[in-house]
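Worksheet for the structure shown next.
Remember, it's a predicted structure, so these values are computed and weren't measured experimentally. So you know, we letter chains A, B, ... as the sequences are listed, proteins then strands, and number each from 1. In what follows, every heavy atom counts, from backbone to side chain, and hydrogens, waters and symmetry copies are set aside.
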Amino acid sequence: MKILVPIKRVVDYNVKVRVKSDQSGVELANVKMSVNPFDEIAIEAAVRLKEAGKATEVIAVTIGPEKAQEQLRTALAIGADRAILVKTDAPTDLGGVEPLAVAKALKALVEKESPDLVILGKQAIDDDSNQTGQMLSALLGWSQGTFASKLDIEGNNIKVTREVDGGLETLSLKAPAIITTDLRLNEPRYAKLPDIMKAKKKQLDIIEPAELGVDFTPRLSIVKVEEPPKRQGGGKVASVDELIDKLRNEAKVIS
Amino acid sequence: MAILVLAEHDNKELAKATLNTLGAAKQLGGDIHVLVAGANCGSVADAAAKCEGVSKVLKADSVELAHGLAENVAPVIVELAGNYSHILAPATTYGKNILPRAAALLDMQQISEISAVVDADTFARPVYAGNAIATVKSSDKIKFITVRGTTFDPVSATGGSASVEEVSSKGDSGLSTYVGTEATESDRPELTAADIVISGGRGVGSAENFAIIEELADKLGAAVGASRAAVDAGYVPNDYQVGQTGKVVAPDLYMAIGISGAIQHLAGMKDSKVIVAINKDEDAPIFQVADYGLVADLFEAVPELNSKLGK
Ligand SMILES: Cc1cc2nc3c(=O)[nH]c(=O)nc-3n(C[C@H](O)[C@H](O)[C@H](O)COP(=O)(O)OP(=O)(O)OC[C@H]3O[C@@H](n4cnc5c(N)ncnc54)[C@H](O)[C@@H]3O)c2cc1C
Ligand SMILES: Nc1ncnc2c1ncn2[C@@H]1O[C@H](COP(=O)(O)O)[C@@H](O)[C@H]1O
């Protein structure tokens, strides 16, 4: 079984982003970039399937700038076998390559590579869209197991446990399938130095969007990007008694 | 202009998130229809027909729609889509699972989790864990939209008298089957609908210790929430997670207990009316958004609260 893992280069989750003064987007210059955390979980899941003898090859792919090779190298260090960069200078967070376009590019790659499984993150932490996996599944006419916290593969049958609003739901999917990861699926390993060195020698192909015949023209134009309203916090109380008094008599939120 | 709202339900009752989604539809203006896709879901269709502002309910009632499988529900939406300028669903795990599938089948770029309607083509939505608000204008013919419940008032569930019309299912895709649900049992209010939410974090330390958080919640008739760290550690079920990648809440009162206040957590609760933080670290970032911060050991403060709140 071959597995394709789409990963996205995003602003690191520890960075508190700043909105640009011209309201065109957020400041990305000199900001730490990382693999989208959900996508690290996706790579880990794929690599574990390979280690368990259930997968034969893991291919990491990203649609992004030249520099996204860094994130592909991270995927290779975790254990992906090879990587593909679909190179574009368009922004991938806002006002550029949107989930539908990403899904179309991934569909073209699926047709080229014929994987049996595509594991994506449930959500990119920059655009917070939570769409790409579902869209790719639609375009391919495959089954989908979104927000996965557990994955069991037996031949052609994939049992997936999903984190849903009321608890956990289990579905049985017919392969080929699309999986999107939730936080509890696994804890990604840290790549060790020898693996990082090895990753430098693994195959990384760079292709142009035109080779996939996909149009990246955005459907959504950015009118403006603003800071959210600031919350006035920082108030303190000295005791439990004062807290109860304030909640009852000042905020009037408890009786 | 006509708007289709995808109803969330369990074949018996209409989920409250649907009412907030209808609230967003009302702001768009136009004829509002509701799609109820399920099995033996007549009571849901009837409930939807009573909602304020709904002029027609479309009921697709068939066994393969029982569990809201995206592969089976999306084609029903696609079949109806041509009649609508906007198709809305709640930004819950139900809506997030289904709607992008339908949008892609029609070559439309969805607008996720809107927090405001500017005009019929233009919407605001939080991005980067709510650290920026993007206003986007769609050039698509049909706007597929998921709606953040906390920023739209629910419409009234009574007073309407829409007609209910049957529409057909597109059959079973055969791609996926429902196996089962491990539902989180609780008599407390639903997290996203509660007036008061009491959340615990890693500082609570264990599943057993969560009992003091639950006791406080029960004293106040509140829902219980948690940080990701508390969920990851197995103190509470996954569906308690509040945050960027969990549930978004905006109750009258939110209490964060033993939670540091990471941006991913703040993304899910900072629109609450009143925020209380109890943390032993006076520099914890949660205090920056708290109206009432109490620097204290939660194992002293919470039992004291429980005893003083009486009953
Ligand atoms: C992709 C991604 C998505 C994420 N999504 C979410 C999300 O949706 N929701 C979310 O919450 N997090 C999310 N996180 C995790 C987030 O970054 C933080 O790691 C998490 O919120 C921390 O949880 P915490 O505050 O409970 O734990 P900690 O940060 O460990 O804080 C524990 C706090 O408890 C206090 N404490 C300890 N003992 C006591 C005591 N006895 N009395 C009083 N106080 C005490 C400590 O001072 C500390 O401030 C996400 C992270 C990533 C990478
Ligand atoms: N530019 C991209 N390149 C590769 N994969 C992507 C890209 N954008 C999104 N994805 C994948 O789709 C998932 C969901 O992203 P989104 O729908 O944007 O929230 C991510 O976790 C990735 O797995």
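Chosen from V19(A), V17(A), N14(A), the residue pairing most often with chain B at heavy-atom distances under 4.5 Å is V17(A). Among the candidates P229(A), G141(A), G25(A), the residue making the largest number of heavy-atom pairs closer than 4.5 Å to chain B is G141(A). Across H67(B), E282(B), M108(B), the residue that shares the most heavy-atom pairs under 4.5 angstrom with chain A is M108(B). Chosen from L139(A), V15(A), L136(A), V26(A), the residue pairing most often with chain B at heavy-atom distances under 4.5 Å is V26(A). If you tally non-hydrogen atom pairs under 4.5 Å between each of A124(A), S239(A), P99(A) and chain B, the highest count goes to P99(A). Ranking K16(A), E242(A), E227(A) against chain B, the residue ahead of the rest is K16(A), based on heavy-atom pairs under 4.5 Å. The candidate from T93(B), L69(B), V295(B) with the greatest count of non-hydrogen atom pairs under 4.5 Å with chain A is T93(B). Ranked by heavy-atom pairs shorter than 4.5 Å toward chain A, the options E185(B), E190(B), Q241(B) are led by Q241(B). Of the listed residues (K96(B), Q288(B), E182(B)), the one with the most heavy-atom contacts under 4.5 Å to chain A is E182(B). For the options A183(B), G180(B), S176(B), S139(B), heavy-atom pairs under 4.5 Å to chain A are most numerous at G180(B). Most heavy-atom pairs under 4.5 Å with chain A, from the set D140(B), L191(B), D10(B): that is D140(B).
Scanning all heavy atoms of the two residues, the minimum distance from A103(B) to M135(A) falls at CB-CE, 4.1 Å. Between L294(B) and V237(A), the shortest heavy-atom distance links the atoms CD1-O, 3.6 Å. For the residue pair A301(B) and V240(A), the shortest heavy atom distance occurs at O-CG2, 3.8 Å. Of all non-hydrogen atoms in W142(A) and R101(B), the two that sit nearest each other are O-NH2, 2.8 Å. Q134(A) approaches N97(B) most closely through the heavy-atom pair CG-O, 3.5 Å. Between G130(B) and P228(A), the shortest heavy-atom contact is O-CG, 3.2 Å.
Side-chain contact between V289(B) and Q232(A) is absent, with no heavy-atom pair separated by less than 4.5 Å. Residues R184(A) and N238(B) have side chains in contact (heavy-atom distance under 4.5 Å, counting atoms from C-beta outward). Side chains of V136(B) and I222(A) form a contact here, defined as non-hydrogen atoms less than 4.5 Å apart. Residues D165(A) and K247(B) form a side-chain contact, since some pair of their non-hydrogen atoms from C-beta on lies under 4.5 Å apart. Counting heavy atoms from C-beta outward, E163(A) and D239(B) have side chains that stay 4.5 Å or more apart. Between E71(B) and S143(A) the shortest side-chain heavy-atom distance falls below 4.5 Å. Residues F38(A) and T245(B) form a side-chain contact, since some pair of their non-hydrogen atoms from C-beta on lies under 4.5 Å apart.
Geometric assessment of K236(A) against the ring of Y292(B) yields a negative cation-pi assignment under the 6.0 Å and 45° thresholds.
For K104(A), the part lying near chain B is the side chain, with the backbone staying farther off; criterion is any non-hydrogen pair under 4.5 Å. Proximity to chain B (any heavy atom under 4.5 Å) is shown, for L183(A), by both the backbone and the side chain. If you measure heavy-atom distances from T161(A) to chain B, you find no contacts under 4.5 Å at all. Within the 4.5 angstrom heavy-atom criterion, atoms from both the backbone and the side chain of V164(A) approach chain B. Interface remark: L173(A) contributes backbone and side-chain atoms alike to the contact with chain B (heavy atom separation under 4.5 Å). For I263(B), the part lying under 4.5 angstrom from a heavy atom of chain A is the side chain only. I111(B) touches chain A through backbone and side chain together, each having a heavy atom under 4.5 Å away. Neither the backbone nor the side chain of A74(B) comes within contact range of chain A; no heavy atom of the residue lies under 4.5 Å from a heavy atom of that chain. Within the 4.5 angstrom heavy-atom criterion, no atom of A177(A) approaches chain B. For R18(A), no part lies near chain B; criterion is any non-hydrogen pair under 4.5 Å. Within the 4.5 angstrom heavy-atom criterion, no atom of T146(B) approaches chain A. In this structure, chain A has a heavy atom under 4.5 Å from the side chain of V276(B), while its backbone stays farther away.
A search for side chain to side chain donor-acceptor pair (under 3.5 Å) contacts involving T181(B) returns Y178(B), not counting sequence neighbours.
Counted by atom type alone, D127(A) and Y128(B) present zero donor-acceptor pairs between their side chains at under 3.5 Å. Inspection of the Q131(A) and S112(B) side chains reveals an N or O donor paired with an N or O acceptor under 3.5 Å. Inspection of the N130(A) and E113(B) side chains reveals no N or O donor paired with an N or O acceptor under 3.5 Å. Under 3.5 Å, the side chains of Q244(B) and D128(A) contain a donor-acceptor pair of N or O atoms.
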Verdict with supporting geometry, L171(A) and T177(B), side chain to side chain contact (heavy atoms under 4.5 Å, CB included): CA-CA 6 Å; L171(A) 302 179; T177(B) 42; over 6 Å; no

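Rounding to the nearest 0.5 Å places CZ of R125(B) at 8.5 Å from CG of L220(A). Atom-to-atom distance recorded for D241(A):CG and L305(B):CG is 9.5 Å, nearest 0.5 angstrom. How far CG of L175(B) is from OG of S172(A): 11.0 Å, rounded to the nearest 0.5 Å.
Heavy-atom neighbours of chain A within the stretch residues 228-237 of chain B, taken at a separation under 4.5 angstrom, comprise R228(B), V231(B), D232(B). Using a 4.5 Å cut-off between non-hydrogen atoms, the part of residues 244-254 of chain A that approaches chain B consists of I244(A), K246(A), L247(A), R248(A), E250(A), A251(A), V253(A), I254(A). At a heavy-atom cut-off of under 4.5 Å, chain B is reached by V11(A) from residues 5-12 of chain A, listed in order of number.
Looking at D291(B) and R231(A), a side-chain N of the basic residue comes within less than 4.0 Å of a carboxylate O on the acidic one, giving a salt bridge. Checked for salt-bridge contact, D107(B) and R219(A) meet the test: a charged N lies under 4.0 Å from a carboxylate O.
With hydrogens and angles ignored, the 3.5 Å screen pairs no side-chain donor or acceptor of Q109(B) with any backbone N or O of E98(A).
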